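Computed from a prediction, not measured in an experiment: that's the story for all the values here.
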Amino acid sequence: MYALKEMKKVKVIDRHSVKSIKYERELLSKINHPFIVNMYYSFQDYEYLYLIMEYLQGGDLMNILIKKDVLTEEEARFYIAEIALAIESI
C-alpha cells in the first residue's frame, strides 16, 4: 500500500514553498530511516506535484497530536526520542 501526496503547483508558488518542496523531495529520496517516511516515486503533471510515499496507517505525528490533543509524558518521551534519531540521521 502507498500514500499519494499531491500538491497543487499554484498553491506551492503562492505560499512561496517551492524551495522547501524541492528540499523535501530531495531529502526523502536519499534517506532510508525507520522514523522517516519512505518516498518511493515523485512526478508531476501540468497542475500538480505528486509524491508516492509509504502508507502510515496511524497517520503522521501531526495527525497523532491532533487526535490526542495531549500526550502522556511517556508518549512525549517516545516521540521526542524518535525525532532526535531521525534528525541525527539527516
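Residues forming a salt bridge (Lys or Arg N to Asp or Glu O under 4.0 Å) with E6 (at least two apart in sequence, or on another chain): none. Under the side chain to side chain contact (heavy atoms under 4.5 Å, CB included) criterion, L65 pairs with L61, L71, not counting sequence neighbours. Residues meeting the side-chain hydrogen bond (donor to acceptor under 3.5 Å, both in side chains) test with K67, sequence neighbours left out: none. Partners of R15 according to the side-chain hydrogen bond (donor to acceptor under 3.5 Å, both in side chains) rule, which considers only residues two or more places apart in sequence or in another chain, do not exist here. In this structure, the side-chain hydrogen bond (donor to acceptor under 3.5 Å, both in side chains) partners of D45, at least two apart in sequence or on a different chain, are Y50. A search for ring-ring contact (aromatic ring centres under 6.0 Å, His included) contacts involving Y41 returns nothing, not counting sequence neighbours. Contacts of D14 classified as side chain to side chain contact (heavy atoms under 4.5 Å, CB included), with partners at least two apart in sequence or in another chain: V10. Considering only residues two or more places apart in sequence or on other chains, K19 meets the side chain to side chain contact (heavy atoms under 4.5 Å, CB included) condition with Y23. In this structure, the side chain to side chain contact (heavy atoms under 4.5 Å, CB included) partners of K22, at least two apart in sequence or on a different chain, are V18.
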Evaluation steps, side chain to side chain donor-acceptor pair (under 3.5 Å), between S29 and E26
CA-CA 5 Å; S29 70; E26 185 180 330; over 6 Å; no
Walk me through whether E47 and K8 qualify under salt bridge (Lys or Arg N to Asp or Glu O under 4.0 Å).
CA-CA 6 Å; E47 196 172 354; K8 196 164 187 136; 2.8 Å; yes
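Q44 has its side chain within reach of K9: a pair of non-hydrogen atoms, C-beta onward, lies under 4.5 Å apart. Between F43 and I52 the shortest side-chain heavy-atom distance falls below 4.5 Å. Inter-residue side-chain proximity for E24 and L28 is flagged as met; some heavy-atom pair is nearer than 4.5 Å.
For the side chain to side chain donor-acceptor pair (under 3.5 Å) condition, the pairs that include at least one residue of residues 51-66, sequence neighbours left out, are N38-E54, D60-N63. Residue pairs meeting the side chain to side chain donor-acceptor pair (under 3.5 Å) criterion with at least one member in residues 76-90, sequence neighbours excluded: E73-R77.
Applying the under-4.5 Å side-chain rule to Ile, Leu, Val, Met, Phe, Trp and Tyr, the cluster around M62 extends to I66.
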